[in-house]
Amino acid sequence: MIYLKLFLSFLQIGAFSFGGGYAAMPLIQEQVITLNHWLTMDTFTDLVTIAEMTPGPIAVNAATFVGTQVAGPLGALSATAGCILPSCVFVTLLAWVYTRYRNLALLQNTLASLRPAVVAMIAKAGLTILISAFFLNGTFSLALSNVSIRMVCYFIIAVVLLRKAKWNPILVMVLCGVFEVGYYILTIL
Amino acid sequence: MENQKNNVLLKLFTSTLYLSTFTFGGGYVIVTLLKDRFVDHYHWIDEEEMLDLVAIAQSSPGAIAVNGAIVVGYKLAGIPGVLISVLGAVIPPMVILSLVSMCYTAFSTNPFIAAMLSGMRAGVGAVIASVVWDMGRNVVKTKDWVNIAVMLISFCASYFGGVNVVFIILAVALFGMIRSIIAGKSAGTTDAFSSEKRSEKEGSHS
């Protein structure tokens, strides 16, 4: 049953994304692309882009998007419920423990030790996105005819704008999109 | 009394709904704004306690914005507070993404929209690369070789070995827990995390 499947998949995403923000991304990628084939790599990348440009946590955004795409509004509800249930249980329990004992040391140490792994997982998810953007057939191969030089240029410009000029990420992404629309208009003229 | 309680619940709902609708920039921003509202504006939670509640929100699995709403809700109104603030935090992204999702299906075949989205893929890749660079540099900066090794091994296991993300997280969490228990027992030794934790506390004060 699709609703239960969505619920259980996003339950795992909710339960194992430690560190907030992008930490959920590798888990979403694994559940939604690798295991269940609900989205293609391109649609997933669009989803990450959209999540970046709208308010709200990426996991909740992804739950609604994937749920709607796969099974309509009810799908969105089941996925979102799954995604926030672990938070509700875990955080409430922890808040309760905290009001009793006021000690979070073990938990915080464990979290700190998770950080390197979380960085690695995000790096992996980011790399998959870049490979799907850079290579025309979506897989890594150095045949020059397969590399989209344009995308590599956008990437380099975007990195410079983000790192050196400290531009807002949303603005940088929109600029890359506008470049590509400009290119498309040139090709159809 | 009953009125006052309803008032707290209403304020919780409107606050989380408002913050969740208008806050771009993720969980860390939301948590700061929750503090502004409930500590500095309403004076319902004291500063010190709020710092610990934020630490709970950030140390727990799941979205930090949702976790932040849960701790504040729990603190102010118990379980009903949790339900109300989660509802407030989740409704805006659900509504927005449902609309986006419908438009996506209708518009993504339009060549202009498709070109826009395809160009933005390079941009979002750059944003993530930049985030990874910052986070990775912080790990390397600790000069803790165990942490650096954990980072490299997890990357290889995930990227080249195709190991499940959940499994990697569980394994590293177990390893970290054992490590911090051992570090806690050998008193007097400086453990790898204390300096990092201190700087985090200072960071959240400023």
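Given the structure is predicted, the values throughout are model-derived calculations rather than measurements. Both backbone and side-chain heavy atoms feed into the values below; hydrogens, waters and symmetry mates do not. Each chain gets a letter, A, B and so on, in the order the sequences are listed, and its residues count up from 1.
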- Item | Option that, when pairs with chain B are counted at under 4.5 Å, heavy atom only, ranks first among A:F65, A:Y183, A:Y154 | A:F65
- Item | Under 4.5 Å from any heavy atom of chain A - which part of B:L117 | both
- Query: Is any side-chain heavy atom of B:Y104 less than 4.5 Å from a side-chain heavy atom of A:Q69?
  - Reply: yes
- Is it the backbone or the side chain of B:V127 that comes under 4.5 Å from a heavy atom of chain A, or both, or neither? both
- Sort A:P86 into side chain, backbone, both or neither according to what part of it lies under 4.5 angstrom from a heavy atom of chain B. neither
- For A:F18 and B:I169 the tightest heavy-atom approach is CD1-CG2, 3.9 Å
- Please look at A:A24 and chain B and tell me whether the side chain, the backbone, both or neither of the residue comes under 4.5 angstrom of a heavy atom of that chain. neither
- Query: For A:T49, is it the side chain, the backbone, both, or neither that has a heavy atom closer than 4.5 Å to a heavy atom of chain B?
  - Reply: both
- Residue part contacting chain A, namely of B:F175, when any heavy atom lies under 4.5 Å: neither
- Show your reasoning for whether side chain to side chain contact (heavy atoms under 4.5 Å, CB included) applies to A:I50 and B:L97. CA-CA 9 Å; A:I50 293 165; B:L97 261 288; 4.3 Å; yes
- Item | Spatial distance of atom CG (A:L127) from atom CZ (B:F155) [nearest 0.5 Å] | 5.0 Å
- chain A: which of B:G119, B:P61, B:G123, B:A115 shares the most heavy-atom pairs with it under 4.5 Å? B:P61
- Task: Just give me the residue among B:S20, B:A63, B:S130 that pairs up with chain A most often, heavy atom to heavy atom, under 4.5 Å.
- Result: B:S130
- Tightest non-hydrogen contact, residues B:V172 and A:A117, listed as CG2-CB, 3.8 Å
- If you look at every heavy atom in A:V174 and B:M116, which pair is closest and at what distance? O-CE, 3.7 Å
- Note on the structure: Heaviest contributor of heavy-atom pairs below 4.5 Å to chain B, chosen from A:G126, A:S87, A:A133, is A:S87
- Note on the structure: So, the part of B:V166 with a heavy atom under 4.5 Å from chain A: the answer is both
- Identify the heavy atoms of B:P93 and A:P55 that sit nearest to each other, and give their distance. CB-O, 4.3 Å
- Message: Quick check on B:V165 against chain A: is it the side chain, the backbone, both or neither that has a heavy atom closer than 4.5 Å?
- Response: both
- Which bit of A:D42 is near chain B, if near means a heavy-atom gap under 4.5 Å: side chain, backbone, both or neither? both
- Message: Quick check on the interface: out of A:R163, A:M53, A:E180, who has the most heavy-atom pairs with chain B under 4.5 Å?
- Response: A:R163
- Message: Does any backbone or side-chain atom of A:V152 lie under 4.5 Å from a heavy atom of chain B? Answer side chain, backbone, both or neither.
- Response: neither
- Answer with side chain, backbone, both or neither: which region of A:V159 has an atom nearer than 4.5 Å to a non-hydrogen atom of chain B? both
- Task: To the nearest 0.5 angstrom, please state how far the CZ atom of B:R121 sits from the SG atom of A:C176.
- Result: 12.5 Å
- Could you tell me which portion of A:F155 (side chain, backbone, both or neither) has an atom closer than 4.5 angstrom to a non-hydrogen atom of chain B? both
- Query: Between A:P116, A:C88, A:P57, which has the largest tally of heavy atom pairs under 4.5 Å with chain B?
  - Reply: A:P116
- Message: Can you tell me which portion of B:N164 sits under 4.5 Å from chain A's heavy atoms? Options are side chain, backbone, both or neither.
- Response: both
- Item | Region of A:I170 in contact with chain B, defined by heavy-atom distances below 4.5 Å | side chain
- Where on A:M151 is there a heavy atom nearer than 4.5 Å to chain B: the side chain, the backbone, both, or neither? both
- Query: Which bit of B:I113 comes within less than 4.5 Å of chain A, counting heavy atoms only: side chain, backbone, both or neither?
  - Reply: neither
- For B:T21, is it the side chain, the backbone, both or neither that has a heavy atom under 4.5 Å from a heavy atom of chain A? backbone
- Given that the side chain runs from C-beta out, which part of A:I156 has a heavy atom under 4.5 Å from chain B: side chain, backbone, both or neither? neither
- Query: Between B:F112 and chain A, which part of the residue has a heavy atom less than 4.5 Å away: side chain, backbone, both or neither?
  - Reply: both
- Highest number of heavy-atom pairs under 4.5 Å with chain A among B:I148, B:V146, B:L152, B:V131 belongs to B:V131
- Message: For A:L161, which atoms come within 4.5 Å of any heavy atom of chain B: side chain, backbone, both, or neither?
- Response: neither
- Do A:V119 and B:N138 come within less than 4.5 Å of each other through their side chains, counting heavy atoms only? no
- Query: Between B:P111, B:G136, B:P92, which has the largest tally of heavy atom pairs under 4.5 Å with chain A?
  - Reply: B:P111
- Query: Which region of A:A59, side chain (C-beta onward) or backbone (N, CA, C, O), has a non-hydrogen atom less than 4.5 Å from a non-hydrogen atom of chain B, or is it both or neither?
  - Reply: neither
- What is the distance from atom OG of B:S101 to atom CG of A:L47, rounded to the nearest 0.5 Å? 9.0 Å
- Message: Which one wins on heavy-atom pair count under 4.5 Å against chain B: A:I129, A:L114, A:T68, A:L130?
- Response: A:L114
- Item | chain A contact via B:V163 - which portion, at a heavy-atom distance below 4.5 Å | backbone
- Note on the structure: Of the listed A:V172, A:T92, A:N168, the one with the largest count of heavy-atom pairs under 4.5 Å with chain B is A:T92
- Could you give the distance from CD1 (B:I91) to OG1 (A:T80), rounded to the nearest 0.5 Å? 11.0 Å
- Looking at OG1 of A:T45 and CE of B:M120, how far apart are the two atoms once the value is rounded to the nearest 0.5 Å? 11.5 Å
- Query: Which bit of B:A173 comes within less than 4.5 Å of chain A, counting heavy atoms only: side chain, backbone, both or neither?
  - Reply: both
- Query: Which atoms of B:I168 come close to chain A, meaning under 4.5 Å heavy atom to heavy atom: side chain ones, backbone ones, both, or neither?
  - Reply: side chain
- Which atoms of A:M25 approach chain B - backbone, side chain, both or neither, heavy atom under 4.5 Å: side chain
- Query: How long is the gap from CG on B:D52 to OH on A:Y98, to the nearest 0.5 Å?
  - Reply: 3.5 Å
- For A:T34, is it the side chain, the backbone, both or neither that has a heavy atom under 4.5 Å from a heavy atom of chain B? neither
